[in-house]
Enquirer: 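For reference, the structure I am asking about is given below.
Note that the numbering runs from 1 along the sequence shown for the chain. Ligands are counted one by one from 1 in listed order, and the atoms in each one are counted from 1 as well. Please read all numbers here as calculations on a predicted model, not as lab measurements. Side chains are part of it too, since the values below use all heavy atoms of this structure and drop only hydrogens, waters and symmetry mates.
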Amino acid sequence: MDRRYDPHAIEQKWQRIWKERDAYRTPDESDRPKFYCLDFFPYPSGDGLSVGHCRNYVPSDAVARYKRMQGFNVLHPMGWDAFGLPAENYAIKMGVHPRETTRRNIATYRRQMEMIGLSFDWSREITSCEPDYYRWTQWFFLLLYERGLAYRATGQQWWCPSCRTILANEQVEQGRCWRCGSEVTKKDLEQWYFRITAYAQRLLDDLAAIDWPEQIKLMQTNWIGRSEGAEIDFEVPGQPQPLTVFTTRPDTLFGATYMVLAPEHPMVDAVTTPEQRAAVRAYQEQARRQSEIERLSTEKEKTGVFTGGYAVNPVNGARIPIWVGDYVLMGYGTGAIMAVPAHDERDFAFAQKYGLPVVEVIAPPQGPQGALREAYVGEGVLVNSGRFDGLAAPAPAGAAIVEWLAGEGRARATVNYKLRDWLVSRQRYWG
Ligand SMILES: [Zn+2]
């Protein structure tokens, strides 16, 4: 007997026999216990299978075979995640319809998967760009729509003025269009969203019930970003509507010495004075060219521009200036913040830079500091806070102030989540 392994002879022979016997078809009904071995469905690109694919599919195939030998009824399916931008680009490059190139690529992938002997049940193959599959994604979409969980709203998208097209985040390179190099801007466009925020609390609560690694659970928790706090109304003289902020630190309200609005906030125009209008417009324009990640970067120095307008601090009647700053985002909270420079590092730096007042309202255990050299972010007792002086902060002082304002209809205790609804429209030809 020849003891050398001859892959050509051995593999072809056994692959033929597996095929003839339909060895990996999984019956719907079986007395054996079930085992579901699901791989991720690859994106069928023009290059064929890579070593990276094999690194995923070979170990899971070994698991599927092991479980079959243990007597399980193993479901080990394969399919193709076949829509998307790469297929569109590949088709443009080759001058062929993406349907043709995608089908050709799938045939190559399937042939290569058979060559390396993966034990898939090909009778269950699915292809996301074929109607027999996407009729079900459409069915799901309609269910979501009927239940109010899929909806249209205006959202800001990157826009290339010379290509006259929307760009995905990854198609914008340093503020320029990847195709033509033009400077891109943000444009308000109607988009489809999934209302995942309706499930924010449930997503958080149910993390307790799953066996994910703690580190992943923590990432998920931070992504949902639950915070308890209050919405506070600041009257703006001459305006019918107050400016509402969300804060997790209502205990510091007496120290709020200015407000900052997101450049896109709907009240910016109304509060801006004629003298400040040109400066505010220019500031809004530069903010439109930045991504949210750039705007929130901790590396970046916080900037802003005075609107010329003032709001009234509801706890002490103080007249406080309203600024516009790009580090405030419209999509989080209310798009407006109250700034407490004495007790927030970012607000302190901003106040120093623009010469805004700093009012100490939380004294550390050793007593009030008077002139602060930096923000005091620790616990303490309230000072300069009227009848709330002496209360421990943040608790119970925060709740006491909210209760008082709530009684006058100027505050509401609320829970806020960082989680946003999921933008699902892509405006793709192939997808
Ligand atoms: Zn372009």
Side-chain angles (χ1 to χ4, degrees), residues 42-47 50 80-105 128-129 134 137 141 150-194 262-266 268-269 278-305 324-332 335 420-431:
Y43 186 83
S45 76
D47 303 324
S50 68
W80 316 103
D81 179 7
F83 274 134
L85 191 62
E88 211 173 288
N89 286 336
Y90 184 76
I92 291 168
K93 200 172 102 190
M94 308 307 275
V96 193
H97 193 284
R99 188 194 306 113
E100 303 310 319
T101 51
T102 301
R103 281 182 184 162
R104 203 182 305 153
N105 295 343
S128 65
C129 63
Y134 68 66
T137 52
F141 187 88
Y151 66 94
R152 288 187 94 164
T154 302
Q156 284 210 329
Q157 296 298 304
W158 291 113
W159 175 258
C160 173
S162 65
C163 297
R164 306 188 59 76
T165 182
I166 296 164
L167 300 172
N169 276 329
E170 59 270 26
Q171 296 172 324
V172 177
E173 292 161 355
Q174 274 133 27
R176 291 178 179 279
C177 169
W178 71 324
R179 279 188 185 142
C180 71
S182 305
E183 227 173 79
V184 297
T185 56
K186 287 279 183 78
K187 197 171 179 172
D188 286 328
L189 293 159
E190 280 260 288
Q191 304 289 317
W192 281 99
Y193 292 86
F194 285 159
E264 304 81 12
H265 194 287
V268 170
D269 274 352
V280 169
R281 284 268 161 81
Y283 189 84
Q284 286 174 311
E285 203 40 54
Q286 67 84 27
R288 285 175 89 83
R289 289 193 292 270
Q290 294 181 55
S291 71
E292 287 192 359
I293 293 164
E294 285 166 348
R295 283 171 59 172
L296 289 177
S297 165
T298 49
E299 307 295 312
K300 186 174 163 276
E301 191 169 312
K302 305 297 176 250
T303 63
V305 62
V324 170
D326 61 11
Y327 65 97
V328 180
L329 296 180
M330 210 45 228
Y332 178 66
R420 319 250 188 103
D421 282 340
W422 183 13
L423 191 158
V424 291
S425 35
R426 289 293 179 273
Q427 288 94 14
R428 291 275 147 70
Y429 176 75
W430 187 245

Enquirer: Check whether NZ of the Lys or CZ of the Arg Lys186 lies under 6.0 Å from the centre of the six-membered ring of Trp158 and within 45 degrees of that ring's axis.
Expert: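 Yes, Lys186 and Trp158 form such a contact.
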Enquirer: Return yes if some donor-acceptor pair links the side-chain N/O of Trp430 with the main-chain N/O of Ala82 below 3.5 Å, else return no.
Expert: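 Checked: pair present.
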Enquirer: So, at under 2.8 Å, which protein N, O or S atoms would a careful student list around the Zn ion (ligand 1)?
Expert: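 Near the Zn ion (ligand 1), below 2.8 Å, one finds Cys160 SG, Cys163 SG, Cys177 SG, Cys180 SG.
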Enquirer: If the plane angle is over 60° it's perpendicular, under 30° parallel, otherwise tilted; pick one for Tyr134 and Phe83.
Expert: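 If you compare the ring of Tyr134 with that of Phe83, the planes turn out tilted.
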Enquirer: Could you tell me whether the side chain of Glu264 reaches within less than 4.5 Å of the side chain of Asp326, counting heavy atoms only?
Expert: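 No, their side chains stay 4.5 Å or more apart.
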Enquirer: Are the side chain of Tyr193 and the backbone N or O of Arg420 linked by a donor-acceptor pair below 3.5 Å?
Expert: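 Between the backbone of Arg420 and the side chain of Tyr193 there is no qualifying donor-acceptor contact (under 3.5 Å).
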Enquirer: Using modelled atom types and a 3.5 Å cut-off, is there a donor and acceptor pairing between side-chain atoms of Tyr327 and backbone atoms of Gly304?
Expert: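 Here the side-chain-to-backbone pair does not exist.
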